[in-house]
**Q** 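Below are the structure tokens for one structure; questions will follow.
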There are 2 protein chains.
Amino acid sequence: MAAVDLSTHPGHLARRLQQAHYLLWNVMVSEEITSPQFAVLNTLVAEPGLDQRTVGERVGLDRSTMSEVITRLGRRGLLDKVRDPQDGRRFLLRLTEDGVRTHRRLTVRTARMNQVFLAPLSEGEQSQFFELIRRVADAAEELRSPAEPLRQDPDRLGAAPAPDVARHGGDPVTS
Amino acid sequence: MAAVDLSTHPGHLARRLQQAHYLLWNVMVSEEITSPQFAVLNTLVAEPGLDQRTVGERVGLDRSTMSEVITRLGRRGLLDKVRDPQDGRRFLLRLTEDGVRTHRRLTVRTARMNQVFLAPLSEGEQSQFFELIRRVADAAEELRSPAEPLRQDPDRLGAAPAPDVARHGGDPVTS
DNA sequence: AGCAATTAATCAGGGCACTGAGTATTTCAG
DNA sequence: CTGAAATACTCAGTGCCCTGATTAATTGCT
């Protein structure tokens with residue numbers, strides 16, 4: 001009776017989307033290298049010698065997960081990790097030959113997979129798809145890290161913001 | 001040089017979207033009950049007495065994860081798990097009073113959170129958002145499980161039902 | 001009836017994701 | 001210059017997510 005329709009819950013959809021992607025990735029791209037691992041390789045192809053924290057920032061992995069992922073990639077011999085002589089807290093990351101080769105190989109497959117994954121959408125819809133998800137994700141990230149301090153009360157996380165939202169009478173997820 | 005733009009990779013976007021949702025959920029909904037757990041509660045409000053497998057099917061959780069989630073919810077006293085007297089392999093699931101109360105409380109907060117989460121999109125864009133994600137996720141799921149034969153046509157059980165895929169010529173991320 | 005699939009659930013194991021605590025190193029303030 | 005604060009990384013603990021193997025119960029086939 002009081003149950004809601006999960007198909008109108010963005011979190012539920014996001015989870016299903018990611019699961020679907022995970023499965024297709026395993027089939028079409030690699031069973032060894034995961035999508036987050038590929039993101040790390042990709043970042044280091046563009047900018048060799050970054051430290052872990054910065055790579056994590058680029059691809060959206062937190063410090064702990066980053067640590068694990070780097071360990072795995074290092075274990076597979078895809079990257080080297082050396083202490084920064086300038087700053088002994090940092091580790092600088094650089095792909096090995098094998099890492100570069102692996103990235104190149106997976107890039108091709110990833111492109112193919114993306115086509116299959118997005119095949120149900122027209123070209124225009126694909127752009128919309130990217131755009132909408134990006135906007136929602138970016139906005140939610142802003143909520144956490146105020147980024148540019150826009151000079152607002154820092155204490156409104158627990159409260160109910162969004163005074164503009166509740167306009168449409170029949171809200172979609174009410175009991 | 002050969003690096004790709006991750007913002008055109010649906011998998012990367014899906015991951016970022018889910019992470020953003022996870023964080024907001026923790027702040028605005030609950031630190032105890034997760035979004036997948038809520039999905040299970042929600043299903044059992046609508047259909048008490050389902051077995052684990054069916055609930056997992058409804059919310060998109062595989063048998064293993066389902067087992068863990070059920071254990072946690074049971075440990076918190078939110079649901080009861082009893083063996084099906086008709087079929088001793090199954091466990092039938094039913095919310096406790098506390099489970100129902102928890103679901104009701106979280107339903108309100110979840111609705112608020114969804115509004116905040118989707119606030120960057122207009123009403124029309126929100127519909128698009130749901131629609132596009134749903135279509136992609138559904139299609140990807142079809143790729144794995146050939147769905148159910150709507151007739152009893154006996155000669156297409158093992159056949160591959162999806163001859164579509166590579167259609168539009170101008171691929172955005174070609175090898 | 002009796003034995004071979006099939007099915008529901010669990011377990012083992014690998015990986016992603018977060019928080020909070022701990023370690024080492026650098027920076028900064030007095 | 002020296003002790004406090006900040007920073008980079010690691011570790012412990014929890015939870016989600018998948019596959020493949022295992023266990024227990026049911027169904028199906030002869």
Side-chain angles (χ1 to χ4, degrees), chain A residues 11-12 14-27 30-40 50-57 59-76 81-93 140-141 144-145, chain B residues 11-12 14-27 30-40 50-57 59-76 81-93 140-141 144-145:
Chain A
H12 187 248
R15 187 171 60 79
R16 290 216 309 130
L17 185 67
Q18 218 212 331
Q19 279 170 255
H21 177 266
Y22 173 89
L23 297 175
L24 196 56
W25 178 282
N26 262 323
V27 171
S30 171
E31 295 181 347
E32 309 275 307
I33 307 298
T34 66
S35 171
Q37 287 174 18
F38 175 75
V40 169
L50 288 185
D51 65 310
Q52 285 187 211
R53 191 194 62 75
T54 307
V55 174
E57 215 169 65
V59 301
L61 288 173
D62 73 300
R63 64 212 193 291
S64 282
T65 306
M66 199 57 206
S67 193
E68 296 177 20
V69 171
I70 293 301
T71 299
R72 282 174 209 122
L73 290 174
R75 209 164 49 208
R76 286 187 193 287
K81 173 172 145 180
V82 296
R83 233 173 234 288
D84 185 345
Q86 253 68 60
D87 184 340
R89 293 167 299 184
R90 287 186 168 85
F91 284 107
L92 303 185
L93 307 174
E141 274 171 14
R144 283 185 54 71
S145 47
Chain B
H12 186 248
R15 188 171 59 80
R16 292 215 309 130
L17 185 67
Q18 218 213 332
Q19 280 170 257
H21 177 267
Y22 173 89
L23 297 174
L24 195 57
W25 177 281
N26 262 323
V27 172
S30 170
E31 293 181 348
E32 309 277 306
I33 308 298
T34 65
S35 171
Q37 286 173 19
F38 174 75
V40 169
L50 288 185
D51 65 309
Q52 287 187 209
R53 192 194 61 74
T54 307
V55 174
E57 214 169 64
V59 301
L61 289 173
D62 71 301
R63 63 212 194 288
S64 281
T65 306
M66 199 57 205
S67 192
E68 297 177 19
V69 171
I70 293 300
T71 299
R72 283 173 207 122
L73 290 173
R75 208 165 50 208
R76 286 188 193 288
K81 173 171 145 180
V82 297
R83 237 178 231 284
D84 185 344
Q86 252 67 61
D87 185 340
R89 291 168 301 183
R90 288 188 167 84
F91 283 106
L92 303 184
L93 306 173
E141 275 171 14
R144 284 186 58 70
S145 50

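The chains referred to below are lettered A, B, ... by the order of the sequence lines, with proteins before strands, and numbering in each begins at 1.
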**Q** Rounded to the nearest Å, what distance is computed from the CG atom of residue B/Leu92 to the P atom of nucleotide C/dA8?
**A** 12 Å
**Q** How many whole angstroms separate atom CD of A/Glu141 from atom P of C/dC18?
**A** 10 Å
**Q** Can you find a side chain N or O atom of B/Gln52 that sits less than 4.0 Å from OP1 or OP2 on C/dT10?
**A** yes
**Q** Any donor-acceptor pair, under 3.5 Å, between the side chain of B/Thr65 and the base of D/dC18, if you only look at N and O atoms?
**A** no
**Q** For B/Gln18 and D/dC17, give me the distance from atom CD to atom P, rounded to whole Å.
**A** 6 Å
**Q** To the nearest Å, give me how far apart CD (A/Glu68) and C1' (C/dG14) are.
**A** 11 Å
**Q** Does any donor-acceptor pair link the side chain of A/Arg75 with the base of C/dG14 at a separation under 3.5 Å?
**A** no
**Q** Is the shortest side-chain heavy-atom distance between B/Arg15 and A/His21 below 4.5 Å?
**A** no
**Q** Any base atoms under 4.0 Å from A/Arg63, or only sugar-phosphate, or nothing? Heavy atoms, all strands.
**A** base
**Q** Taking only side-chain nitrogens and oxygens of B/Arg89, does any of them come within less than 4.0 Å of OP1 or OP2 of C/dA9?
**A** no
**Q** How close or far is atom P of D/dG28 from atom CG of B/Asp87, stated in whole angstroms?
**A** 12 Å
**Q** Find the distance B/Ile70:CD1 to C/dC11:P and express it as a whole number of Å.
**A** 14 Å
**Q** Within the structure provided, determine whether A/Ser35 and B/His12 are in side-chain contact (heavy-atom separation under 4.5 Å).
**A** no
**Q** Determine, stepwise, if the pair B/Val40 / B/Met66 fulfils side chain to side chain contact (heavy atoms under 4.5 Å, CB included).
**A** CA-CA 9 Å; B/Val40 169; B/Met66 199 57 205; 3.9 Å; yes
**Q** I want to confirm an ordering. Mapping A/Asn26 and A/Phe91 to their closest nucleotides on DNA chain D, which one lands closer to the 5' end?
**A** A/Phe91
**Q** A/Pro85 or B/Leu23: which one's nearest nucleotide on DNA chain C is closer to the 5' end?
**A** B/Leu23
**Q** What is the separation between atom CG on B/Asp84 and atom P on D/dT26, rounded to the nearest whole Å?
**A** 9 Å
**Q** Would you say A/Leu50 and A/Leu93 make side-chain contact, with heavy atoms under 4.5 Å?
**A** no
**Q** On a plain distance test, is the side chain of B/Ser67 in donor-acceptor contact with the base of C/dC11 below 3.5 Å?
**A** no
**Q** Where do B/Asn26 and B/Ser30 come nearest, in terms of heavy atoms and distance?
**A** OD1-O, 3.4 Å
**Q** Does B/Lys81 have a side-chain nitrogen or oxygen under 4.0 Å from the phosphate oxygens OP1 or OP2 of C/dT10?
**A** yes
**Q** Over all heavy atoms of both residues, which pair between B/Gln37 and B/Ile33 is shortest? Give the atoms and the distance, please.
**A** OE1-CA, 3.5 Å
**Q** Using a cut-off of 4.0 Å on non-hydrogen atoms, how would the nucleic acid contact of A/Ser64 be classed: base, sugar-phosphate, or nothing?
**A** base
**Q** Check every strand shown and say whether A/Asp51 touches a base, only sugar-phosphate, or nothing at a heavy-atom separation below 4.0 Å.
**A** sugar-phosphate
**Q** Please confirm whether the shortest side-chain N or O distance from B/Gln19 to OP1 or OP2 of C/dC18 is below 4.0 Å.
**A** yes
**Q** Tell me whether the OP1 or OP2 atom of C/dA17 has a side-chain N or O from B/Arg15 closer than 4.0 Å.
**A** yes
**Q** Within this structure, what is the CG-to-P distance between B/Asp62 and C/dA9, rounded to whole angstrom?
**A** 13 Å
